[in-house]
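Here's the structure, in structure tokens; my notes come after.
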Amino acid sequence: VQLQASGGGLVQPGGSLRLSCAASGFGLTRFHYAAGWFRQAPGKMREGVSCMRSTDDSTYYADSVKGRFTISRDKDKKTVYLQMISLKPEDTAVYYCAIALDYNGTSLQEYVYDFWGQGTQVTVSS
């Protein structure tokens, strides 16, 4: 599985962005999986933001983004999205998407995830 993240950029506080994570490879059509979004701010450890599982589209969010971020997927396009609204300066980070193949759960533990995208920069600043 290969992942390509996109959609980052510079946005003012209160603004919105939608990140996309396009997946290629046959694994997503043969196995259950979890898709997650993580972020790493300068000088900080990477943290989990949101995830969902393919079996029933159950989702999970970190408290810091609950109510502002929405994870979703397009099965046909094999793409996972992260819609972000009401962005704050503290959301500034490099955002990574990840896939946990053959996994039927919702977890923001990094060790669960097998495949990672390259990251896309999100900067929230006036």
Side-chain angles (χ1 to χ4, degrees):
V1 176
Q2 294 82 43
L3 304 176
Q4 180 71 41
S6 62
L10 173 64
V11 63
Q12 291 186 341
S16 302
L17 279 175
R18 189 178 77 160
L19 305 183
S20 299
C21 178
S24 59
F26 67 87
L28 293 187
T29 59
R30 291 183 58 187
F31 301 102
H32 301 309
Y33 63 90
W37 285 97
F38 297 76
R39 66 186 182 186
Q40 187 167 22
K44 294 187 177 181
M45 295 184 65
R46 190 160 55 188
E47 62 174 353
V49 173
S50 179
C51 60
M52 70 183 306
R53 66 183 181 191
S54 65
T55 49
D56 62 0
D57 287 348
S58 294
T59 59
Y60 180 82
Y61 298 93
D63 288 342
S64 58
V65 305
K66 203 171 291 183
R68 299 188 299 120
F69 290 10
T70 302
I71 188 171
S72 62
R73 69 179 179 129
D74 183 322
K75 290 187 290 185
D76 293 334
K77 294 182 179 178
K78 291 194 289 187
T79 299
V80 179
Y81 303 99
L82 186 68
Q83 178 69 49
M84 307 182 293
I85 66 171
S86 302
L87 282 163
K88 305 175 182 180
E90 51 263 44
D91 294 319
T92 295
V94 177
Y95 283 71
Y96 299 89
C97 59
I99 294 290
L101 208 56
D102 198 18
Y103 179 76
N104 185 26
T106 50
S107 173
L108 290 179
Q109 296 294 321
E110 292 188 30
Y111 71 86
V112 167
Y113 292 84
D114 311 293
F115 304 95
W116 293 80
Q118 84 287 6
T120 184
Q121 175 70 47
V122 172
T123 303
V124 184
S125 175
S126 55

Derivation and outcome, salt bridge (Lys or Arg N to Asp or Glu O under 4.0 Å), residues Lys66 and Asp63: CA-CA 5 Å; Lys66 203 171 291 183; Asp63 288 342; 3.1 Å; yes
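Clustering ILVMFWY residues whenever any of their side-chain heavy atoms sit less than 4.5 angstrom apart, transitively, puts Trp37 in the very cluster that holds Val65. Cluster membership check: Tyr96 does not share its hydrophobic cluster with Ile99, using side-chain heavy-atom separations under 4.5 Å among Ile, Leu, Val, Met, Phe, Trp and Tyr. A continuous path of ILVMFWY side-chain contacts below 4.5 Å connects Val11 to Leu82, so both sit in one hydrophobic cluster.
At a cut-off of 3.5 Å, with distance as the only test, a side-chain donor of Arg39 or Tyr95 sits close to an acceptor on the other residue. For the residue pair Thr55 / Asn104, a side-chain donor-acceptor distance below 3.5 Å is found, with atom types taken as modelled. Ser6 and Gln4 share no side-chain donor-acceptor pair at under 3.5 Å. At a cut-off of 3.5 Å, with distance as the only test, a side-chain donor of Ser24 or Gln2 sits close to an acceptor on the other residue.
For Tyr60, the OH atom is loosely surrounded, since the number of other residues' heavy atoms within 6.0 Å does not exceed 12.
Side-chain atoms of Gln12 never come within 3.5 Å of backbone atoms of Ser125 as a donor-acceptor pair (strictly under, hydrogens ignored). Between the Asp74 side chain and the Thr79 main chain, no donor and acceptor come within less than 3.5 Å of each other. Side-chain atoms of Ser54 come within 3.5 Å of backbone N or O of Tyr33 as a donor-acceptor pair.
In this structure, the side chains of Met84 and Val122 come closer than 4.5 Å at one or more pairs of heavy atoms. Contact check for Phe69 versus Leu87: side-chain heavy atoms found under the 4.5 Å cut-off. You'll find the side chain of Leu101 stays beyond 4.5 Å of the side chain of Tyr113, heavy atoms only. At least one side-chain heavy atom of Val1 sits less than 4.5 Å from a side-chain heavy atom of Leu3. Counting only heavy atoms from C-beta outward, the side chains of Leu19 and Thr120 approach each other to under 4.5 Å. By the 4.5 Å heavy-atom criterion applied to side chains, Val94 and Arg46 are not counted as neighbours.
Here Trp116 and Phe38 bring their ring centres to under 6.0 angstrom of each other.
Cation-pi geometry between Arg53 and Tyr103 is not met at under 6.0 angstrom from the ring centre and within 45 degrees of the axis.
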